[in-house]
Amino acid sequence: MSEVLDADAKVNLSRASVLLVESTQHAVDLLAQIVKGFGVRDIFRCISIEEAEKVLSSKSLDLIVMEPNLREGDGYAFISNLRRSKVEPNCNVPAIIASGPAFSSAVAQTRDCGANFYISKPLTPHVLLERLLWIGREKRQFVDCPTYVGPDRRFKFEGPPPGCEGRRATDAKDPIGQPAAPNLSQDEISSMIKPQRVAL
Amino acid sequence: MTDVRFFRPENRLAKLLARPGGMTVATVLERAIEGIETLRAGTMTAIDLKIEEMVRECASSQPNRFDVIRQLAAELFGDAGAFGLGELSLAAKSLHDLVDTPGAKPSARVIMVHLDAMRALRRPAVSGTPASRQAVLKALTQLSRQIAAQAATATEHSDALQALDQGITDLRAIADKARGATAGDDENEYPLPSASGSGA
């Protein structure tokens, strides 16, 4: 997912409202300095779930950046509850989980709580901006089902894994077989769609 | 099949990013790094306090002391890494993994050797040589893996324990030597990567 940022591209986040939730005051201040550098003016800093919920109930947000392992509360549960709250517009706000050393379990929990993206710490402005711009471009639809609410967890779909029937009604039940006939040549395709002058 | 609803919520972040004006990517990254730098002294103090808090927890008999140490090590991992103290960050990760291993009961001695090493690595510009710092890190990681392996098999191997004893003795010697060289030097000098760096 890493990409090269275009140094000359413009970023305009002056009207964005961003909620930052971290485990300590200096950690949230550090994150705020990065986001402030990006041009964001409306920054809400919280170090507990209780504080974050107060902000959610009173402000319309454009982005959440969250450390899930707080001293007071569980950030994954916070995002999951937010998605299920159905309280517009914040329930669909893009959410980035920024977490520390527990990599594999943290990524899985991030995916399953309904967050948009996972960033492993230590945080750098470059990586955070990269992910933020990626979220701004992403076209994933949201999924709402009894066990999950959030961005579609299928970044790409090439059929259910071998031996599985799939979980969605749209999942193909039968394996895709071999082609029934050879592929058409480019000339054959052109002759089917290209208007031709015919001499009579 | 699960009853699933798909929808596309409005991505307000995308609309904000698409607005004209703003600053270039190079400018916002530069601003973010400058912002982080303003917090360097405070964060270094916070790092020192966290190391000493872990030392106190290690010596205590509180049943939740491993949880406290795990939380502080995770925080220190992010704090140190954000300010370019990569070796300290890795030592914090080693300690975090050590106390996070299910079933592992690391002794106070093993935790303390991590903390001694972290005290030394906190001032990398004046602590030993890059090779000696790498040796400390390598020994810490090996130590954590050995203990995790012992927890997984629920057995105690006397030869492995003997090797651990020697490893801890070696680490103490390196860390003590490095710590002895720190007095009076500029301990906070450790530059961040430039705005063009690729980050984590």
Side-chain angles (χ1 to χ4, degrees), chain A residues 2 5-16 23-24 26-27 29-30 32-39 62-63 67 69 71 89 92-94 98 100-102 119-130 132-133 135-139 141-147 152 167-169, chain B residues 1-39 42-43 45-46 70-71 73-75 77-83 86 89 92-93 96-97 100 192-193 195-200:
Chain A
S2 184
L5 290 174
D6 177 2
D8 296 324
K10 289 284 184 75
V11 176
N12 190 351
L13 287 166
S14 57
R15 290 194 186 172
S23 53
T24 62
H26 73 262
D29 289 342
L30 174 73
Q33 285 297 334
I34 297 176
V35 176
K36 194 174 161 190
F38 293 169
D62 301 305
L63 177 70
E67 158 63 66
N69 301 310
R71 292 186 180 187
N92 301 323
V93 66
I119 298 178
S120 64
K121 287 185 178 177
L123 277 180
T124 66
H126 189 277
V127 169
L128 185 58
L129 183 63
E130 213 175 58
L132 202 148
L133 295 175
I135 287 176
R137 285 196 302 270
E138 82 164 331
K139 306 285 186 211
Q141 57 189 352
F142 265 50
V143 176
D144 181 352
C145 69
T147 53
D152 194 342
R167 291 179 298 177
R168 295 180 185 171
Chain B
M1 288 292 164
T2 311
D3 185 18
V4 182
R5 182 173 75 95
F6 294 96
F7 62 104
R8 284 190 195 280
E10 179 189 23
N11 189 341
R12 289 182 300 143
L13 185 67
K15 289 185 176 175
L16 288 168
L17 285 165
R19 288 176 60 244
M23 295 175 280
T24 65
V25 164
T27 304
V28 299
L29 290 177
E30 201 61 46
R31 280 165 46 104
I33 288 173
E34 284 170 11
I36 292 174
E37 280 299 329
T38 64
L39 300 174
T43 305
T45 304
R70 180 175 52 236
Q71 176 72 28
E75 290 173 10
F77 169 77
D79 295 343
F83 284 91
S89 187
K93 181 183 183 306
H96 174 275
D97 292 349
D100 199 40
L192 282 174
S196 59
S198 61

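Throughout, protein chains are lettered first and strands after them, A, B, ... in sequence-line order, and every chain is numbered starting at 1. It should be emphasised that the depicted structure is a prediction, and the values quoted were computed from it without experimental measurement.
Once rounded to the nearest 0.5 Å, the distance linking CG of Asn92(A) with CZ of Arg12(B) reads 9.5 Å. From Phe83(B), atom CZ reaches atom CG of Leu30(A) across 5.0 Å, with rounding to the nearest 0.5 Å. Atom CG of residue Asn12(A) and atom CG of residue Leu16(B) lie 8.0 Å apart, to the nearest 0.5 angstrom.
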Evaluate the criterion side-chain contact (heavy atoms from CB on, under 4.5 Å) for residue pair Ile34(A) and Ile36(B); output intermediate values, then yes/no.
CA-CA 7 Å; Ile34(A) 297 176; Ile36(B) 292 174; 3.7 Å; yes
Apply the test side-chain contact (heavy atoms from CB on, under 4.5 Å) to residues Arg19(B) and Ser14(A): give CA-CA distance (whole Å), side-chain angles for both, the deciding distance (0.1 Å), then the verdict.
CA-CA 10 Å; Arg19(B) 288 176 60 244; Ser14(A) 57; 3.8 Å; yes
Hey, mind stepping through Leu29(B) and Leu5(A) against side-chain contact (heavy atoms from CB on, under 4.5 Å) and telling me if it holds?
CA-CA 10 Å; Leu29(B) 290 177; Leu5(A) 290 174; 4.3 Å; yes
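Annotation for Ala32(B) and Pro125(A): closest pair CB-CB, 3.6 Å, computed over non-hydrogen atoms. When all heavy atoms of Ser23(A) and Gln71(B) are compared, the closest pair comes out as CB-NE2, 3.8 Å. Across all non-hydrogen atoms, the minimal contact from Pro122(A) to Ala82(B) is CB-N, 3.5 Å. Shown here for Gly39(A) and Met23(B), the closest heavy-atom pair between the two residues is CA-CE, 3.6 Å.
Contact count against chain A (heavy-atom pairs under 4.5 Å) is highest for Thr24(B) among Thr38(B), Thr24(B), Asp79(B). Comparing Pro20(B), Gly21(B), Gly78(B), Ala74(B) by heavy-atom pairs within less than 4.5 Å of chain A, the highest count is held by Gly21(B). Counting heavy-atom pairs under 4.5 Å between each of Ala92(B), Gly22(B), Gly42(B) and chain A puts Gly22(B) at the top. Note: Gln33(A) leads Glu67(A), Gln33(A), Lys139(A) in heavy-atom pairs under 4.5 Å with chain B.
Only the side chain of Leu39(B) comes within contact range of chain A, with heavy atoms under 4.5 Å apart. Interface residue Asp6(A): only backbone heavy atoms are found under 4.5 Å from chain B. Only the backbone of Lys36(A) comes within less than 4.5 Å of a heavy atom of chain B; no side-chain atom from C-beta onward does.
Listed for the Glu75(B) side chain is no donor-acceptor partner under 3.5 Å among the backbone atoms of Gly100(A). Judged purely by atom type and a 3.5 angstrom limit, Asn11(B) uses its side chain to pair as donor or acceptor with the backbone of Ile135(A). Between the Asp62(A) side chain and the Leu13(B) main chain, no donor and acceptor come within less than 3.5 Å of each other.
Counting heavy atoms of neighbouring residues, nucleotides and ligands inside a 6.0 Å radius, atom CZ of Arg71(A) exceeds 12 of them.
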